[in-house]
Amino acid sequence: MSDELRYPVGVCEWPAEVSAGERLRNLRDIAALPVKLREAVAGLAPQHLDIPYREGGWTIRQIVHHIPDSHMNSYVRFKLALTEDQPTIKPYDERLWAEIPDARAAPIEMSLNMTDALHGRWSLMLDNMTEADFERSIVHPEIGVLKLKSMVAGYGWHCRHHVAQIVATRRRMGW
């Protein structure tokens, strides 16, 4: 399997340090995701949605449904970090979530609408965070301690990553 197909914008990193410029770029990517995601899927025929972006990978439909699943978890994690002292969060198995019938068959408009609303709220929260807020952290049982500034970098990547998977699939398939 080609890493270029699986990770079209590179592999996710959770950097310990994030410059102000990097943070701003990631905040913009998070805010822009709803529009970019809608552009990426615009005009796709229903049969295109059930084609995997790579052999053994998720379908475009699963990717679209995965995004609000993942970002809802992140939104809650941010709220926990902002209101508790270094909370331990509960991980989830995104691969199993992608196999649940709603992720395999629901119309993508449902998740596009969820993404619109969720990113509106999340961006409002992020835009009003202080420097001290970005230094707050969570404990991820599988990754360790993550500061919110690192999480912004990871989710900025996540936004770019999944849009790029869809766009690259469209290009490869000639859609």
Side-chain angles (χ1 to χ4, degrees), residues 3 6-41 57-58 62-100 102-103 106 108 110-167:
D3 272 356
R6 188 170 185 187
Y7 300 109
V9 298
V11 177
C12 182
E13 296 180 7
W14 302 95
E17 293 305 318
V18 179
S19 72
E22 291 168 328
R23 183 171 73 206
L24 182 58
R25 173 189 178 212
N26 288 303
L27 291 172
R28 286 180 181 155
D29 288 338
I30 290 168
L33 176 72
V35 169
K36 290 188 180 219
L37 182 58
R38 283 185 181 277
E39 289 171 352
V41 298
W58 288 341
Q62 286 172 299
I63 292 170
V64 172
H65 291 315
H66 160 73
I67 290 169
D69 286 349
S70 172
H71 294 188
M72 281 188 292
N73 275 285
S74 181
Y75 176 71
V76 168
R77 291 168 179 177
F78 270 77
K79 284 195 166 258
L80 290 169
L82 291 170
T83 60
E84 298 178 19
D85 185 28
Q86 202 173 67
T88 298
I89 57 90
K90 182 178 184 329
Y92 67 100
D93 189 331
E94 65 182 28
R95 291 166 302 172
L96 293 177
W97 282 40
E99 295 302 323
I100 295 173
D102 69 317
I108 64 169
M110 297 168 102
S111 283
L112 294 172
N113 290 338
M114 287 175 72
T115 301
D116 291 342
L118 176 61
H119 277 250
R121 287 278 307 273
W122 195 13
S123 290
L124 180 63
M125 178 178 59
L126 291 169
D127 289 344
N128 285 285
M129 287 173 55
T130 66
E131 288 296 321
D133 290 337
F134 283 105
E135 294 296 324
R136 296 184 65 89
S137 59
I138 61 161
V139 177
H140 190 297
E142 297 165 353
I143 298 173
V145 175
L146 285 172
K147 290 186 177 184
L148 294 184
K149 65 184 178 183
S150 300
M151 289 178 58
V152 165
Y155 282 94
W157 171 88
H158 196 254
C159 294
R160 295 185 301 275
H161 168 70
H162 286 306
V163 168
Q165 286 175 328
I166 295 167
V167 169

For a quick test of reading the model, state the closest non-hydrogen atom pair linking [X] to [Y] and the distance between them.
X: Ala164; Y: Pro8; answer: CB-CG, 3.6 Å
X: Trp157; Y: Val11; answer: NE1-C, 3.8 Å
X: Ala98; Y: Ala103; answer: O-CB, 3.5 Å

Any [X] side-chain heavy atom under 4.5 Å of [Y] side chain:
X: Asn26; Y: Arg160; value: yes
X: Met72; Y: Met114; value: yes
X: Arg77; Y: Leu146; value: no
X: Phe78; Y: Met129; value: yes
X: Leu112; Y: Pro68; value: no
X: Val64; Y: Thr115; value: no
X: His158; Y: His162; value: yes

More than 12 heavy atoms from other groups under 6.0 Å of CG on Asp85: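 Open.
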Does CE belonging to Met110 count more than 12 external heavy atoms closer than 6.0 Å?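 12 or below, so no.
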Would you check, one step at a time, whether the test side chain to side chain contact (heavy atoms under 4.5 Å, CB included) holds for Glu94 with Asn73? CA-CA 11 Å; Glu94 65 182 28; Asn73 275 285; over 6 Å; no
To the closest 0.5 Å, what do you measure between [atom1] ([X]) and [atom2] ([Y])?
X: Glu84; Y: Arg136; atom1: CD; atom2: CZ; result: 9.0 Å
X: Ile143; Y: Ser150; atom1: CD1; atom2: OG; result: 10.0 Å
X: Phe134; Y: Leu27; atom1: CZ; atom2: CG; result: 5.0 Å
X: Asp69; Y: Ser111; atom1: CG; atom2: OG; result: 6.5 Å
X: Ile67; Y: Ile108; atom1: CD1; atom2: CD1; result: 10.0 Å
X: Leu82; Y: Ile138; atom1: CG; atom2: CD1; result: 11.0 Å

Run Lys36 and Asp29 through salt bridge (Lys or Arg N to Asp or Glu O under 4.0 Å) and show every step you take. CA-CA 9 Å; Lys36 290 188 180 219; Asp29 288 338; 5.1 Å; no
Say whether, by atom type as modelled, one donor and one acceptor occur between the side chain of [X] and the main chain of [Y] under 3.5 angstrom.
X: Arg23; Y: Val18; value: no
X: Arg6; Y: Gln165; value: no
X: Arg28; Y: Gly156; value: no

For His161 and Ile63, what are the C-alpha separation, side-chain angles and deciding distance, and is it a side chain to side chain contact (heavy atoms under 4.5 Å, CB included)? CA-CA 10 Å; His161 168 70; Ile63 292 170; over 6 Å; no
Begin from the C-alpha positions of Leu148 and Val152 and carry the test side chain to side chain contact (heavy atoms under 4.5 Å, CB included) through to its verdict. CA-CA 6 Å; Leu148 294 184; Val152 165; 5.6 Å; no
Once the angle between the rings of Trp58 and His66 is folded into 0 to 90°, is it parallel (under 30°), tilted (30 to 60°) or perpendicular (over 60°)?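 Tilted: the ring planes of Trp58 and His66 meet at 30° to 60°.
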Going by the angle between their ring planes, with limits at 30° and 60°, are His119 and His71 parallel, tilted or perpendicular?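 His119 and His71: tilted rings.
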Could you tell me if Arg121 sits above the aromatic ring of Tyr75, with its cationic atom closer than 6.0 Å to the ring centre and no more than 45 degrees from the axis?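 Checked: cation-pi criterion not met.
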Side chains of Thr130 and Asp133, donor plus acceptor under 3.5 Å: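 Indeed, the side chains of Thr130 and Asp133 share at least one donor-acceptor pair under 3.5 Å.
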Step by step, would you call Ser70 with Tyr92 a side chain to side chain contact (heavy atoms under 4.5 Å, CB included)? CA-CA 9 Å; Ser70 172; Tyr92 67 100; 3.4 Å; yes
